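Worksheet for the structure shown next.
Hydrogens, waters and symmetry mates play no part in the numbers below; they use all other heavy atoms, side chains included. Just so it is clear, the structure is predicted and the values come from calculations on it, not from any experiment.
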Amino acid sequence: MGLLLRKDLTVLRRSPLLLGALCAYPIVIALLVGLVAGYASSKPRVAFVDEDGLPAVIEVAGHSFHIQTVIDQVAKEVTLVRLGPAEASRELASGKVVATITVPPGFVGELLTTVRSPSLILRTGSGGLAPRVTQQMQSLVYRLNNKLQQGYITANLVFVRLLLHGGSGNFLGRRFDVLGLDGTEKMLQGLPPSKRVAAIERFVRVARVGLAQTGAALQATAHPIALRQPKRKGRTWVLSAQVQSYGIALTVTFLALLLAAGAAAAEKEEGTIGRLRRGLVSHGQLVWSKVALAAVVGLGLGAAIAIVFGIVVEAGGVSGGEPWARLPLLFVGVALAAAAVGAAGTLLGALAREPRTASLLAVLVVLPVVFLGLVPRGAVAPAWWVSQLLPFSHAVRWFGAALYDTDPWRALGIQSLWLAGLGGVFWLLARRGMRTLSA
């Protein structure tokens with residue numbers, strides 16, 4: 001087995017161009033996957049339909065709002081596209097926009113009354129982005145309310161001051177005069193003392209105390225819970241723990257699968273299978289040599305990626321730096337994952353029987369395996385369950401837990417059992433495939 005492993009490593013050493021391509025290709029794929037995952041949260045297009053003719057400036061209780069500026073400020077999670085009602089409906093049906101948000105007729109009028117809550121109308125398609133867009137539009141309305149609530153509070157306090165001190169007011173275009181608590185108290189002072197007058201005076205005193213706290217109460221009602229977010233410098237998404245785990249797992253999976261598949265299929269072409277008949281090496285030892293090849297090369301490249309990633313993180317001086325003390329633990333997982341994938345690659349090589357076919361088959365298999373591992377459980381449940389039968393997703397969890405979990409041992413134990421179990425199954429199938437290959 002050791003001689004077979006040495007032979008395979010010598011072949012790689014004598015083919016530096018091939019080895020370079022094998023190392024570079026999965027790294028490029030990892031970067032592309034990272035970019036796709038990063039831009040998966042890019043802004044979707046949402047049609048903005050103005051059926052009320054929003055003015056440039058709206059004044060609510062003495063506060064002026066440039067409405068389009070406010071909308072642009074709060075709609076940071078989507079790209080709003082101004083369209084007419086018919087065009088917006090067509091683009092929603094065709095999928096050019098993922099949703100439409102409509103300002104219905106009478107919106108501004110209801111907004112200016114400060115006594116009714118005007119409504120925006122949201123229509124979404126049936127695609128997977130619909131829940132996400134709904135959440136973003138709810139966020140938009142929430143932020144609009146935050147911008148406008150001070151005007152509403154001011155408008156309400158105008159009427160509270162009228163109740164306290166009296167004076168003239170205006171409601172829905174109608175003028176009115178209010179005596180107020182101050183005027184009521186003065187009138188009571190001019191009346192002869194009686195139980196009714198005393199009762200009214202007590203009411204005036206209690207009402208004045210209560211109304212005096214109305215401003216603070218309205219502010220507390222508008223902001224029952226405040227969220228404070230201190231600024232802290234941390235890792236960017238590109239240098240996140242998730243990207244590091246995915247990058248190492250993808251690289252190791254691709255390289256181990258391709259090397260093991262090609263090396264296993266090459267044994268027939270190189271005459272090793274013929275030697276099996278003379279008992280120089282068993283089928284199991286042949287499979288173990290390919291598993292060892294995948295583990296050795298995968299460990300070397302995975303360790304190099306982890307070290308380079310850590311150097312970049314440290315050079316950036318960000319918080320949450322590389323946990324260097326965890327790297328030996330990470331290397332154990334890299335070797336285990338590469339060995340499990342190597343067993344699967346050996347099975348592919350035995351099935352393909354010819355090196356070029358095995359390499360092509362490995363390339364065709366590895367990308368679906370990787371993308372199945374990226375599918376969240378709540379998105380497509382069957383795909384998630386299929387990914388559990390493949391080493392990639394378990395390798396990602398192993399690496400993430402080894403590097404960054406406070407107490408990683410339970411997760412490492414579970415994922416190690418998965419990797420060892422899957423590797424054992426693939427090893428048995430590959431051993432049987434080698435027997436078929438030597439027949």
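- Between T251 atom OG1 and L301 atom CG the span is 6.0 Å, to the nearest 0.5 Å.
- Residues that satisfy the side chain to side chain contact (heavy atoms under 4.5 Å, CB included) test with R410, not counting sequence neighbours, are I414.
- Between the CG atom of L327 and the CZ atom of F331 there is a distance of 4.5 Å, given to the nearest 0.5 Å.
- When all heavy atoms are compared, the tightest approach of A260 to K290 is CB-O, 4.3 Å.
- Each side chain to side chain donor-acceptor pair (under 3.5 Å) pair with one or both residues in residues 191-203, not counting sequence neighbours, would appear here, but there are none.
- The CG atom of L293 sits 5.5 Å away from the CG atom of L259 when rounded to the nearest 0.5 Å.
- Of the inter-residue distances, the one linking L347 atom CG with L257 atom CG reads 9.5 Å to the nearest 0.5 angstrom.
- In this view, A402 and L329, W398, L412 satisfy the side chain to side chain contact (heavy atoms under 4.5 Å, CB included) rule, not counting sequence neighbours.
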Exercise for the section: Using the side chain to side chain contact (heavy atoms under 4.5 Å, CB included) rule, take D50 and F107 through it: C-alpha gap first, then chi angles, then the decisive distance, then the call. Expected result: CA-CA 10 Å; D50 182 9; F107 177 87; over 6 Å; no
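- The backbone N or O of G342 lies less than 3.5 Å from a partner atom in the side chain of T346, making a donor-acceptor pair.
- For R397, the side-chain hydrogen bond (donor to acceptor under 3.5 Å, both in side chains) partners at least two apart in sequence or on another chain are Q388.
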Handout entry: Chi angles and distances behind the side chain to side chain contact (heavy atoms under 4.5 Å, CB included) call for V46, V97
Key = CA-CA 5 Å; V46 174; V97 297; 5.9 Å; no
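- Considering every non-hydrogen atom in both D52 and G106, the closest pair reads OD1-N, 2.8 Å.
- Within the 4.5 Å cutoff, side-chain heavy atoms of F48 are placed close to those of L54.
- Under the rule for a side chain to side chain contact (heavy atoms under 4.5 Å, CB included), the partners of R123 that lie at least two apart in sequence or sit in another chain are L92, T100, T102, I121.
- Applying the side chain to side chain contact (heavy atoms under 4.5 Å, CB included) criterion to T253, with sequence neighbours excluded, gives V341, V366, F392.
- Contact between H394 and L422 at its shortest, heavy atoms only, is CD2-CD1, 3.8 Å.
- When all heavy atoms are compared, the tightest approach of A340 to L419 is CB-O, 3.6 Å.
- Counting all heavy atoms, side chain and backbone alike, A306 lies closest to I248 at CB-CD1, 4.0 Å.
- In terms of heavy-atom proximity, A249 sits nearest to A395 at CB-CB, 4.2 Å.
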